[in-house]
Amino acid sequence: MAAESEHDPAKNERLPFEPSKKRSTPASSKAKAKPTTPASSKAKAKSTTPASSEGAKPTASVKKPQQPVAAAPKKVEPRHYTKEEMTIPQVVSQRMIRRVAGFCGVPTTLGIITLIASYLLVSYTDIKIAPIVVLLVNMGLFGLGVLGITYGVLSASWDEDRSGGALGWQEFKTNWGRMKDTWRETQQKNV
């Protein structure tokens, strides 16, 4: 494997976390970017001839046959959106904030209340509560609060004219489907 990495320049220049398909070698990218012309090939032929003066060792240069450069596929430029097009409408953002406050705020508040209540019960009464029970209950409530942020945003209707249902399950399914479709499209474009 060490022998492979010594001979493959793309592997040596690649970052450890960078996929090998995404990066091309500098030599191949220069060859693709610069088409060869007869004048430039003559200049290359002159520069590759070995110098026989002053004891320089002649090196064997093998001329490779010229291959026609294939036309690069047309790259579709992504559409650039204006700031107004990218902004979430005020009505929709307020709807998202209200839903996040409800779906995240209620479990988080209950988690804080159970911490205080368990402390008061253990300190001022004879009731003994196992610490692991308090920990698990609080982890569950705070975890629901974190999930409530996501659910609050995705369960809000993204249509300005329609407010959606009380729990927003139908809107959640619609928005989750949109998110998955967008994710799949970006994965296909990156491949």
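Using modelled atom types, one side-chain atom of Asn175 and one backbone atom of Ala156 make a donor-acceptor pair closer than 3.5 Å. In this structure, Thr108 contributes its side chain and Gly105 its backbone to no donor-acceptor pair below 3.5 Å.
Put simply, Val137 and Val106 are part of the same group of oily side chains (I, L, V, M, F, W, Y) that touch within less than 4.5 Å, one to the next. Connection of Val100 to Trp176 is established within a shared hydrophobic cluster, with ILVMFWY side chains joined at heavy-atom distances below 4.5 Å, either directly or through further cluster members. In the hydrophobic cluster analysis, where Ile, Leu, Val, Met, Phe, Trp and Tyr join through side-chain heavy atoms closer than 4.5 angstrom, Ile97 is grouped apart from Ile149.
The shortest distance between side-chain heavy atoms of Val92 and Pro89 falls below 4.5 Å. Looking only at side-chain heavy atoms (C-beta outward), Trp169 and Ser155 stay at 4.5 Å or farther from each other. Residues Ile112 and Phe142 form a side-chain contact, since some pair of their non-hydrogen atoms from C-beta on lies under 4.5 Å apart.
To the nearest 0.5 angstrom, Glu160 atom CD is 8.5 Å from Arg95 atom CZ. In this structure, the separation between CD on Glu171 and CZ on Arg162 is 5.0 Å, given to the nearest 0.5 Å. To the nearest 0.5 Å, the span separating CG on Leu120 from CD1 on Ile116 amounts to 7.5 Å. Taken to the nearest 0.5 Å, the CG atom of Leu136 stands 11.0 Å off from the CG atom of Leu141. Expressed to the nearest 0.5 Å, how far CG of Leu115 lies from CG of Leu110 amounts to 11.5 Å. Here the straight-line distance linking atom CG of Leu144 with atom SG of Cys104 works out to 10.0 Å at 0.5 Å rounding.
For CG of Leu121, the number of neighbouring non-hydrogen atoms (other residues, nucleotides, ligands) closer than 6.0 Å is greater than 12. The local environment of CE in Met179 is crowded, with over 12 non-hydrogen atoms from other residues, nucleotides or ligands closer than 6.0 Å.
Closest of all the heavy-atom pairs between Tyr151 and Leu167 is OH-O, 2.8 Å. When all heavy atoms of Gly164 and Ser157 are compared, the pair lying nearest together is N-CB, 4.2 Å.
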Report task. Go through the steps for Val134 and Thr114 under the test side-chain contact (heavy atoms from CB on, under 4.5 Å), then give the verdict. Result -> CA-CA 8 Å; Val134 176; Thr114 56; over 6 Å; no
Report task. Go through Trp158 and Met96 one step at a time and tell me if the side-chain contact (heavy atoms from CB on, under 4.5 Å) criterion holds. Result -> CA-CA 9 Å; Trp158 294 354; Met96 287 179 181; 3.1 Å; yes
